Amino acid sequence: MDGLSPSIPNESALLAGLRAGNADAFEELVRKYMPALLRVARRFLRSEDDARDAVQDAFISAFKSIRNFAGQSQLSTWLHRIVVNSSLMKLRSQKRHQEEEIDMLLPRFQDDGHQVEPSVPWSETAEALLQRAEMREMVRAAIDRLPETYRTILLLRDIEELTPEETAAALGISRNAVKVRLHRARQALRAILDPHMRGAIA
Amino acid sequence: MMCREVIGFLADYLEGSLPPEVVAEFEEHLGECDSCVAYLASYRETILAARFAEVKKDDLLDEAPEELIEAILQSRPR
């Protein structure tokens, strides 16, 4: 997962400090992990205020359960899951913005099972194309056009790299629903990107 | 296998979770359908593009706003 720093050498010392209620340990935790948590929250939430609220909620909930954190995963992984959940909570309380109809963005087939409009290869790899800031912005805007349920699944699975099981649990849906929605989300995003990627000028 | 099935199985194919006999049919179709080859490649690129665009943020927003740090530390257990 992005940006959450690898395990720090003195993680167990930090953990011991947190469990003992040591003020310095709490400050170290917040300063160390805040940037990464804020980046995650900003991906889910469109307003900076909401992203900050989600991060604050995440730390408060982490503070409450730090005694129960058994150290079975790294602190960074544990905090990542917490901020994903607090971001999802925040997202649920927001009003929806204008979205595309997902069906319009899925491939269409003829009765014989062939694609109605044959697909055309993209001119360059995404990696080469996305060296340009305006292409990265274009892709982010495309992701924002996805219906919220699909955007959320795409973020959870392909960006935050939660497992299908974790994603299903976070959203309270079945593992199969995660799979179906993720596939649709990727197909819809592909359709939005297609005109930009076909004729992309280097 | 037709385009409809191939595209339906894409995610499973990339994940490596299809049974070998289905993979064989899938790849047989790819061997004769340029459109599905292009679709598969662009589907894979879509995932990479999303990851790249979201992970490499260009904004210059403050990554650790001091007032937020202070607010959070106010709520630490005492």
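Being a predicted model, the structure only gives us computed values, none of them experimental. Naming convention: chains lettered A, B, ... in sequence-line order (proteins, then strands); numbering from 1 in each chain.
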query = Which residues from residues 49-59 of chain A are near chain B, with near meaning under 4.5 Å between non-hydrogen atoms?
reply =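 So the qualifying residues are A/R52, A/V55, A/Q56, A/F59.
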
Sorted by number, residues from residues 165-187 of chain A in contact with chain B (heavy atoms, under 4.5 Å) = A/K179, A/H183, A/R186, A/Q187

Please report the interatomic distance [atom1]([X]) to [atom2]([Y]), rounded to the nearest 0.5 Å.
X: B/Y43; Y: A/W122; atom1: OH; atom2: CH2; result: 12.0 Å
X: A/E160; Y: B/E54; atom1: CD; atom2: CD; result: 8.5 Å
X: A/L154; Y: B/I47; atom1: CG; atom2: CD1; result: 8.5 Å

Can you tell me which portion of [X] sits under 4.5 Å from chain B's heavy atoms? Options are side chain, backbone, both or neither.
X: A/L18; value: neither
X: A/L189; value: both
X: A/A23; value: both
X: A/V30; value: side chain
X: A/L130; value: both

query = Does A/A191 have any side-chain contact (heavy atoms from CB on, under 4.5 Å) partners at least two apart in sequence or in another chain, and if so, which?
reply = A/L105

[Y] side chain reached by [X] side chain, heavy atoms, under 4.5 Å:
X: B/E63; Y: A/M34; result: no
X: B/F52; Y: A/I159; result: no
X: B/I72; Y: A/F26; result: no
X: A/R198; Y: B/S42; result: no
X: B/M2; Y: A/F109; result: no
X: A/Q115; Y: B/R4; result: no

key: Interchain contact, B/E70 with chain A, by part (heavy-atom threshold 4.5 Å)   = side chain

Who among [options] has the most heavy-atom pairs with chain A under 4.5 Å?
options: B/M1, B/E5, B/R76; result: B/R76
options: B/A50, B/A41, B/C36; result: B/A50
options: B/A64, B/G8, B/A71, B/A38; result: B/A38

note = Note: vs chain B, highest number of non-hydrogen pairs under 4.5 angstrom among A/T125, A/I60, A/L29, A/L193 is A/T125

request  = Report yes or no: does A/R140 contribute a side-chain atom to a donor-acceptor pair with the main-chain N or O of B/A53 at less than 3.5 Å?
outcome  = yes

key: Close approach to chain A in residues 15-35 of chain B, criterion heavy atom under 4.5 Å   = B/E15, B/S35

request  = State whether A/R31 and B/E66 are salt-bridged, where the test is any N-O pair (Lys NZ or Arg NE/NH1/NH2 against Asp/Glu carboxylate O) under 4.0 Å.
outcome  = yes

